[in-house]
Amino acid sequence: MDPDKEIIRFIKEHHVMTLATAVDNRPYCANLFYAWMSSENCFVFTSSPETKHASQGLENSDVAASIVLETSVVGKIRGLQICGKMQRPEGVLFDKAKTRYIKKYPFSAVMKLDLWVLVPEFMKLTDNRLGFGKKIIWTL
């Protein structure tokens, strides 16, 4: 089942996620540019395997992430919480991920792209514009 259209709209309106990883009960988070791949229902991002979040993701693929609209106006608060699996794309998925990422971020065409995907298993959108504390939940 595809995520709710409000969740997809929110994902497409933004470009930075905070990725949370953990190994041996030692959490870590990193802010990353992402691109959404609708056909694959996943986020794609690039990170060197030597970074702390990437090395933790290799050791423990269970990750969480969030995307938020920064505002102090309570009626405009919106944010997406995500739980899923972080993995290195291979084969056709790698080709699709690379194409999608470069399309969204053309400057990355000249970079070495160490690509990753976050495949969501759970997403919760909070959108106060739809009513205070309104939540839209999607699960795999």
Side-chain angles (χ1 to χ4, degrees):
M1 175 168 74
D2 291 334
D4 184 277
K5 65 181 175 19
E6 292 298 326
I7 291 175
I8 299 302
R9 183 184 341 247
F10 184 81
I11 290 169
K12 289 181 176 181
E13 288 175 354
H14 298 275
H15 61 276
V16 175
M17 74 165 52
T18 300
L19 176 72
T21 59
V23 170
D24 297 328
N25 293 317
R26 304 287 302 176
Y28 188 76
C29 64
N31 298 312
L32 308 162
F33 286 111
Y34 71 86
W36 174 251
M37 294 199 318
S38 296
S39 62
E40 306 296 329
N41 193 39
C42 68
F43 300 87
V44 59
F45 58 94
T46 183
S47 285
S48 168
E50 290 79 34
T51 62
K52 185 160 187 156
H53 58 278
S55 64
Q56 283 191 340
L58 284 170
E59 194 169 335
N60 177 8
S61 66
D62 292 316
V63 298
S66 68
I67 303 167
V68 300
L69 171 70
E70 187 173 327
T71 182
S72 60
V73 179
V74 173
K76 293 183 179 179
I77 290 174
R78 294 187 291 154
L80 184 66
Q81 296 165 308
I82 307 151
C83 295
K85 299 283 188 192
M86 178 177 161
Q87 61 193 45
R88 303 287 308 251
E90 297 177 354
V92 173
L93 181 58
F94 177 87
D95 295 338
K96 287 181 178 181
K98 183 177 180 182
T99 298
R100 179 67 187 105
Y101 196 84
I102 290 172
K103 182 176 181 183
K104 184 154 185 180
Y105 305 107
F107 63 85
S108 68
V110 296
M111 298 169 50
K112 179 180 184 288
L113 294 178
D114 288 306
L115 294 175
W116 303 82
V117 294
L118 168 50
V119 180
E121 297 172 341
F122 169 89
M123 293 191 281
K124 179 176 77 172
L125 176 68
T126 300
D127 190 339
N128 280 359
R129 297 172 314 157
L130 303 175
F132 183 74
K134 172 66 178 173
K135 311 243 186 299
I136 300 170
I137 295 175
W138 173 88
T139 57
L140 186 59

Engineer: If you measure from CD1 on Ile136 to CG on Asp4, what distance do you get to the nearest 0.5 Å?
Structural biologist: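 Reported to 0.5 Å precision, the distance equals 4.5 Å.
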
Engineer: Can you name the closest pair of heavy atoms from Met123 and Pro3 and give their distance?
Structural biologist: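 Heavy atoms only, the tightest pair is CE-CG, 3.6 Å.
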
Engineer: Compare every heavy atom of Ala65 with every heavy atom of Leu118, then report the nearest pair and how far apart it is.
Structural biologist: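 Closest approach of Leu118 to Ala65: CD2-CB, 3.8 Å.
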
Engineer: When Ile, Leu, Val, Met, Phe, Trp and Tyr are grouped by side-chain heavy atoms lying under 4.5 Å apart, directly or through other members, which residues fall in the same group as Val110?
Structural biologist: none

Engineer: Around atom NZ of Lys12, are there more than 12 heavy atoms from other residues, nucleotides or ligands closer than 6.0 Å?
Structural biologist: no

Engineer: Could you name each residue pair satisfying salt bridge (charged side-chain N to carboxylate O under 4.0 Å, His left out) that touches residues 48-65, not counting sequence neighbours?
Structural biologist: Asp62-Lys85

Engineer: About how many Å separate OG of Ser48 and NZ of Lys112, when rounded to the nearest 0.5 Å?
Structural biologist: 6.5 Å

Engineer: Testing the basics here: between Trp138 and Ile7, what is the closest heavy-atom pair and its distance to 0.1 Å?
Structural biologist: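 Closest approach of Trp138 to Ile7: CB-CD1, 3.9 Å.
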
Engineer: Looking at every non-hydrogen atom in both residues, tell me the closest pair between Gly57 and Thr21 and how far apart they are.
Structural biologist: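 Scanning both residues completely, I find the closest heavy atoms to be N-CG2, 4.4 Å.
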
Engineer: State yes or no: do Phe10 and Ile8 share one hydrophobic cluster built from I, L, V, M, F, W and Y residues joined by side-chain heavy-atom distances below 4.5 Å, directly or via other members?
Structural biologist: yes

Engineer: Roughly how far, to the nearest 0.5 Å, is NZ of Lys98 from OG of Ser108?
Structural biologist: 9.0 Å

Engineer: Might you point out which heavy atoms bring Trp116 and Pro89 nearest each other, and give the distance in Å?
Structural biologist: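 So the two residues come closest at CA-CD, 3.7 Å.
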
Engineer: Using a side-chain heavy atom cutoff under 4.5 Å and only I, L, V, M, F, W and Y, what cluster partners does Val23 have?
Structural biologist: none

Engineer: With Arg88, which residues qualify under side chain to side chain donor-acceptor pair (under 3.5 Å), at least two apart?
Structural biologist: none

Engineer: Let's go through Leu32 and His53 carefully: what are the C-alpha distance in whole Å and the side-chain angles of both, what is the deciding distance for side chain to side chain contact (heavy atoms under 4.5 Å, CB included) to 0.1 Å, and is it a yes or a no?
Structural biologist: CA-CA 10 Å; Leu32 308 162; His53 58 278; 3.6 Å; yes

Engineer: Rounded to the nearest 0.5 Å, what separates atom CZ in Arg78 from atom OG1 in Thr126?
Structural biologist: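 Separation between the atoms: 11.5 Å.
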
Engineer: When rounded to the nearest 0.5 angstrom, what distance separates CD in Gln87 from SG in Cys42?
Structural biologist: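 Those atoms lie 7.5 Å apart.
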
Engineer: Please test Tyr34 against Ile11 for side chain to side chain contact (heavy atoms under 4.5 Å, CB included), starting from the C-alpha separation and ending with a verdict.
Structural biologist: CA-CA 9 Å; Tyr34 71 86; Ile11 290 169; 3.8 Å; yes

Engineer: Taking the side chain as C-beta and beyond, is there a heavy-atom pair between Ile137 and Phe122 under 4.5 Å?
Structural biologist: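 Yes - at least one pair of side-chain heavy atoms lies under 4.5 Å apart.
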
Engineer: Does the side chain of Thr46 pick up a donor-acceptor pair with the side chain of Asp114 at under 3.5 Å?
Structural biologist: no

Engineer: Linking Ile, Leu, Val, Met, Phe, Trp and Tyr through side-chain heavy atoms less than 4.5 Å apart, which residues share a cluster with Phe94?
Structural biologist: Val16, Phe33, Met37, Val44, Leu93, Tyr101, Ile102, Tyr105, Phe107, Met111, Leu113, Leu115, Val117, Val119

Engineer: Going through the checks in order, is the side chain to side chain contact (heavy atoms under 4.5 Å, CB included) test met by Phe43 and Ile67?
Structural biologist: CA-CA 12 Å; Phe43 300 87; Ile67 303 167; 3.8 Å; yes

Engineer: How about CD on Glu13, more than 12 heavy atoms from neighbouring residues, nucleotides or ligands closer than 6.0 Å, or not?
Structural biologist: yes

Engineer: Shared ILVMFWY cluster between Trp36 and Ile82, side chains joined below 4.5 angstrom?
Structural biologist: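 Yes, one cluster joins them.
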
Engineer: Quick one: which residue pairs count as a salt bridge (charged side-chain N to carboxylate O under 4.0 Å, His left out) with a foot in residues 16-44, not counting sequence neighbours?
Structural biologist: Glu40-Lys96

